[in-house]
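Any value given below was found using the heavy atoms of this structure, including those in side chains, with hydrogens, waters and symmetry copies removed.
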Amino acid sequence: MQVISYRPTVPADLHRVTAWSVTEPVGWIPADRYLADLAENMYRPEWTWIAEVDDQVVGRALWWGPKDSAHPVALDCLDVDSAMGDRAAIAAELIRAALTGFPQSVQYAIKAAGGWRDDPATSMAVEWRRAAAHAAGLTREVERLQFEWTPADGVPPATGVLRFAEASDEEFLAVFTRIADGSLDAQTRANLAAKGVDATAREEMDFYLRAPGKREWWRIAYTQEGEVAGMAIPSATPYNVNVGYLGVVPEFRGRGYVDEVLAEITRIHAANGELRITATTDVGNAPMAAAFGRAGYRNTEIRINLSNDLRP
């Protein structure tokens with residue numbers, strides 16, 4: 001019987017970690033990306049876990065976190081040698097072993113092409129990883145659409161329907177609170193049920209305050225009569241700018257204002273010379289997905305997000 005051991009890597013394992021490649025049709029982290037983020041302290045040897053049989057690496061789990069974080073927040077890449085038989089069971093053990101040392105919440109995003117259920121190879125690649133994550137305790141699941149905008153998609157002109165202005169943190173917090181009411185976002189709805197509206201609004205605002213995007217980009221949207229209609233929060237990750245957070249307050253929904261708010265975010269990033277803007281929304285949030293389509297954003301992939309608590 002083969003004895004499989006699970007452990008975090010040490011610097012001497014680097015060549016074995018970077019030699020690994022994934023041949024299945026799912027998103028994964030190649031050597032150049034791993035090495036670049038390792039240099040930035042976003043991947044670390046102690047966050048990189050391997051499964052071994054007789055000193056042979058048969059599985060790999062790459063955990064990622066912000067460069068100043070004490071613990072990782074996301075599993076970026078999970079793979080097990082196809083010759084190992086029950087890949088899901090080995091992958092589940094890899095995740096469980098790592099989680100014993102990670103005291104805070106984490107998530108795992110399996111990235112695949114749209115329509116992944118209809119392609120046998122992609123479906124198989126997703127399903128064993130999904131089963132492993134569920135077995136390891138990452139049981140909260142949300143499927144999300146990833147979108148992308150480039151200058152070739154066009155910069156929407158300002159129509160004057162809404163007016164956008166900077167505001168204080170207190171004013172933004174009040175709008176976060178109002179937008180949460182009736183939200184179709186699964187994360188927001190789960191947080192509301194578990195924590196209530198005030199804690200949900202504060203947590204969402206704090207998340208964007210900590211993100212790499214600039215606070216000076218944030219705008220509140222007003223009607224021509226001066227009433228608050230919603231807000232636009234362009235943001236960023238360590239890799240590129242994104243739409244971040246946007247919303248319309250309940251009493252003004254259904255008037256097309258979401259298009260105006262999204263357009264303002266696009267204009268802000270475009271004015272800064274950005275060549276790529278990303279965005280995500282839940283598969284179940286059909287109105288937001290439709291708004292991205294109207295704004296010229298293209299769906300580039302599906303992300304099956306699995307997590308072990310309510311954090312985004």
Side-chain angles (χ1 to χ4, degrees), residues 37 40-42 47 63-76 99 102-109 138 140 142 144 146 164-222 228-250 258 261-262 264-265 268-269 272 277-282 285 288 303 305-312:
D37 281 9
E40 293 292 326
N41 212 37
M42 293 186 290
W47 293 354
W63 296 84
W64 179 96
K67 61 180 65 179
D68 58 351
S69 177
H71 304 286
V73 298
L75 176 57
D76 267 1
L99 289 178
F102 302 159
Q104 65 184 47
S105 60
V106 295
Q107 68 172 359
Y108 171 34
L138 306 185
R140 183 172 182 274
V142 178
R144 292 177 66 80
Q146 176 80 6
F164 295 89
E166 298 182 41
S168 67
D169 283 0
E170 291 74 16
E171 290 171 293
F172 273 105
L173 183 59
V175 184
F176 267 106
T177 301
R178 293 173 66 186
I179 288 175
D181 181 21
S183 173
L184 295 178
D185 181 80
Q187 182 66 61
T188 299
R189 292 166 71 93
N191 280 343
L192 285 170
K195 307 173 184 181
V197 65
D198 291 337
T200 295
R202 170 54 68 181
E203 185 173 286
E204 290 180 338
M205 179 168 164
D206 287 348
F207 175 84
Y208 287 101
L209 286 171
R210 294 192 303 268
K214 296 181 180 179
R215 173 63 176 79
E216 65 202 53
W217 296 342
W218 295 20
R219 301 287 187 272
I220 286 181
Y222 299 91
V228 172
M231 65 181 174
I233 298 187
S235 192
T237 71
Y239 308 105
N240 56 264
V241 299
N242 59 26
V243 167
Y245 188 100
L246 76 160
V248 175
V249 298
V258 65
V261 177
L262 177 56
E264 177 70 4
I265 292 175
I268 289 171
H269 283 320
N272 290 331
I277 307 170
T278 62
T280 59
T281 193
D282 296 347
N285 192 345
M288 193 66 245
R303 296 184 176 185
N305 284 358
L306 302 126
S307 61
N308 59 350
D309 82 348
L310 299 175
R311 290 183 181 274

Parallel, tilted or perpendicular: rings of Phe176 and Trp218 (30°, 60°): perpendicular
Rounded to the nearest 0.5 Å, what separation is found between the CD atom of Glu204 and the OG atom of Ser183? 7.0 Å
Between Pro72 and Gln104 the two heavy atoms that sit nearest each other are O-NE2, 3.7 Å
Donor-acceptor pair, distance only, cut-off 3.5 Å: does the side chain of Thr200 make one with the backbone of Asn191? yes
With a 4.5 Å limit on heavy-atom distance, are the side chains of Leu246 and Met288 in contact? yes
Would you say that Tyr245 contacts Ser235 through its side chain, given a criterion of any heavy-atom pair below 4.5 Å between the two side chains? no
Determine the interplanar angle of the Tyr239 and Trp64 rings, folded into 0 to 90°, and report it as parallel if under 30°, tilted if 30 to 60°, perpendicular if over 60°. tilted
With Lys214, which residues qualify under salt bridge (Lys or Arg N to Asp or Glu O under 4.0 Å), at least two apart? none
State whether the side chain of Arg219 and the backbone N or O of Trp217 hold a donor-acceptor pair below 3.5 Å, judged by distance alone. yes
Taking all non-hydrogen atoms of both residues into account, name the closest pair between Ser105 and Asn308 and its distance. CA-OD1, 3.5 Å
So which atom in Asn242 and which in Ala236 form the shortest heavy-atom distance, rounded to 0.1 Å? OD1-N, 3.3 Å
How would you list all residue pairs meeting salt bridge (charged side-chain N to carboxylate O under 4.0 Å, His left out) that involve residues 176-186, not counting sequence neighbours? Arg144-Asp185, Arg178-Glu251
Nearest 0.5 angstrom please: Thr281 OG1 to Leu184 CG, how far? 8.5 Å
Tell me if a side-chain donor or acceptor on Thr237 pairs with a main-chain N or O of Asn240 at a distance below 3.5 Å. yes
Are the side chains of Asp169 and Arg215 in contact, using a 4.5 Å heavy-atom criterion? yes
Interatomic distance, OG1@Thr280 vs CG@Asn305, rounded to 0.5 Å, equals 8.0 Å
Value rounded to 0.5 Å, distance of CD in Glu264 from CE in Met231: 14.0 Å
Do Val106 and Val73 have side chains that get closer than 4.5 Å, going by heavy atoms? no
Strictly distance-based, threshold 3.5 Å: is any side-chain N or O of Thr177 a donor or acceptor partner for the main-chain N or O of Leu173? yes
Rounded distance [0.5 Å steps], CG in Asp76 versus CH2 in Trp47: 11.0 Å
Validation row: Val228, Ile220 side chains within 4.5 angstrom (heavy atoms): yes
Check Pro234 against Ile268 and note the closest heavy-atom contact, atom names and distance. CG-CD1, 3.8 Å
Are Met42 and Pro238 side-chain neighbours, meaning at least one heavy-atom pair lies under 4.5 Å? yes
Closest heavy-atom pair, Val248 versus Val261, reported as atoms and distance to 0.1 Å, is CG2-CG2, 4.5 Å
Can you find a pair of side-chain heavy atoms, one from Phe164 and one from Ile265, that are under 4.5 Å apart? no
